[in-house]
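The next block holds one structure in the form of structure tokens; read it before the comments.
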Amino acid sequence: MVSMRSVVYVFVLFLLLWTGPQVIAGAEVPAKKATAKGQLSQRCTKKEMDLKSCHLKLHSYQVRFSKDKITIDDGTWKAVHELPLAEESVIWERVGLRQLGARWIVELEMWTSPVGDAGIQDLKWYLYELTGTKWDKKVEEVVQKRRRRLNEEAGSSKKNLFQVDRKEPYSLRLGKSGQLEWAAGRTKGSF
């Protein structure tokens with residue numbers, strides 16, 4: 001006779017083998033996301049971005065982000081590089097690792113430190129291509145601007161702390177020739 005405990009153990013083992021550890025671990029390990037044929041991506045969670053500490057793993061690549069450094073491990077070698085905008089007042093909006101065809105991309109969106117009397121902040125979009133443990137900056141574009149509202153402007157609502165400009169549309173895709181094509185507002189390019 002089979003006990004209920006044995007059935008549960010077999011089921012948990014099946015889940016681990018079939019879907020990977022993210023099902024058991026919950027939201028702590030973001031799952032791989034298939035975006036299109038030949039494309040995978042993984043992003044840092046909101047909590048990880050608030051802490052400025054994130055670890056992403058996709059195939060053989062392991063990429064660790066801290067408040068001022070990025071550590072790239074390609075399965076053979078490991079290297080540490082400086083992150084752009086490493087100031088304390090910088091806010092991480094989105095951090096991710098993508099595979100497009102046979103190419104690896106680190107995608108960053110970061111709000112800069114406030115500048116001037118009005119405290120204007122830029123949302124910068126960065127694309128870095130990984131080759132082994134080297135990372136080469138391919139794109140740095142401002143896609144949005146904002147400023148903190150004054151107390152009278154914000155009113156009693158905490159969600160309207162910033163006056164925000166319209167976000168420029170931006171994208172990255174794999175072209176037919178294997179080139180990566182990007183666009184940010186009216187600016188376009190490929191690499």
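Position 1 is the first residue of the sequence, and the numbers go up from there.
Ring planes of Tyr170 and Trp125: tilted class, angle from 30 to 60°. Between Tyr61 and Trp104, the ring-plane angle classifies as tilted under the 30° and 60° cut-offs.
Among all heavy-atom pairs drawn from Gln42 and Leu58, the shortest one is OE1-N, 4.2 Å. Scanning both residues, Arg147 and Ala118, for their nearest heavy atoms gives CB-O, 3.7 Å. Closest non-hydrogen pair, Asp74 versus Gly132, comes out as OD2-CA, 3.5 Å. A pairwise comparison of heavy atoms in Trp92 and Ser66 identifies CZ2-O, 3.3 Å as the closest pair. Among all heavy-atom pairs drawn from Lys57 and His59, the shortest one is CE-O, 4.0 Å. Closest approach of Lys137 and Tyr126 over heavy atoms only: CD-CD2, 4.1 Å.
Not one N or O on the side chain of Gln121 forms a donor-acceptor pair closer than 3.5 Å with the backbone of Leu123. Side-chain N or O atoms of Arg103 include one that pairs as donor or acceptor with a backbone N or O of Gly178 at under 3.5 Å. Formation of a donor-acceptor pair under 3.5 Å by the Lys52 side chain with backbone atoms of Val90 is found in this model. Put simply, the side chain of Thr45 gets close to the backbone of Glu48: a donor and an acceptor are under 3.5 Å apart.
In this structure, Lys78 and Thr133 have side chains that are not in contact, with every pair of non-hydrogen atoms separated by 4.5 Å or more. For the pair Val63 and Leu130, the minimum side-chain heavy-atom distance is below 4.5 Å. With contacts defined as side-chain heavy-atom distances shorter than 4.5 Å, the pair Leu172/Leu100 qualifies. By the 4.5 Å heavy-atom criterion applied to side chains, Lys69 and Leu83 are not counted as neighbours. Looking only at side-chain heavy atoms (C-beta outward), Ile72 and Trp77 stay at 4.5 Å or farther from each other. Side-chain contact between Leu180 and Ile105 is present, with heavy atoms from C-beta onward closer than 4.5 Å. When side chains are defined from C-beta on, Leu108 counts as touching Pro84, because their heavy atoms get closer than 4.5 Å. Taking 4.5 Å as the limit, every side-chain heavy atom of Lys134 sits out of range of all side-chain heavy atoms of Tyr128.
More than 12 heavy atoms of other residues, nucleotides or ligands lie within 6.0 Å of NZ in Lys167, so this atom counts as buried by the packing criterion.
Between Glu107 and Lys138, none of the side-chain N atoms (NZ, or NE/NH1/NH2) sits under 4.0 Å from a carboxylate O, so this pair counts as no salt bridge. Ion pairing of Lys124 with Glu141 is absent here, as no side-chain N (NZ or NE/NH1/NH2) approaches a carboxylate O to less than 4.0 Å. Salt-bridge formation is detected for the pair Asp122/Lys145: a Lys NZ or Arg NE/NH1/NH2 atom is positioned less than 4.0 Å from an Asp or Glu carboxylate oxygen.
Of the N and O atoms on the side chains of Glu93 and Trp111, at least one donor lies less than 3.5 Å from an acceptor on the other residue. Arg149 and Gln163 share no donor-acceptor pair across their side chains, judged by distance under 3.5 Å alone. For Gln144 and Arg146, the side-chain atoms include no donor-acceptor pair closer than 3.5 Å.
Taking CE of Met110 as the start and CD of Glu140 as the end, the distance is 11.0 Å to the nearest 0.5 Å. One distance of note links CZ of Arg43 with CG of Leu56; it measures 11.0 Å at 0.5 Å rounding. With values rounded to the nearest 0.5 angstrom, Ser190 atom OG is found 11.5 Å from Leu174 atom CG. Separation of atoms CG (Asp50) and SG (Cys44) is listed at 11.0 Å; rounding is to 0.5 Å.
Trp135 and Leu97 fall within a single hydrophobic cluster, where Ile, Leu, Val, Met, Phe, Trp and Tyr side chains are chained together by heavy-atom contacts under 4.5 Å.
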Item to check | Step-by-step salt bridge (Lys or Arg N to Asp or Glu O under 4.0 Å) determination, Lys188 to Glu181 | outcome: CA-CA 8 Å; Lys188 297 179 181 183; Glu181 300 168 352; over 6 Å; no

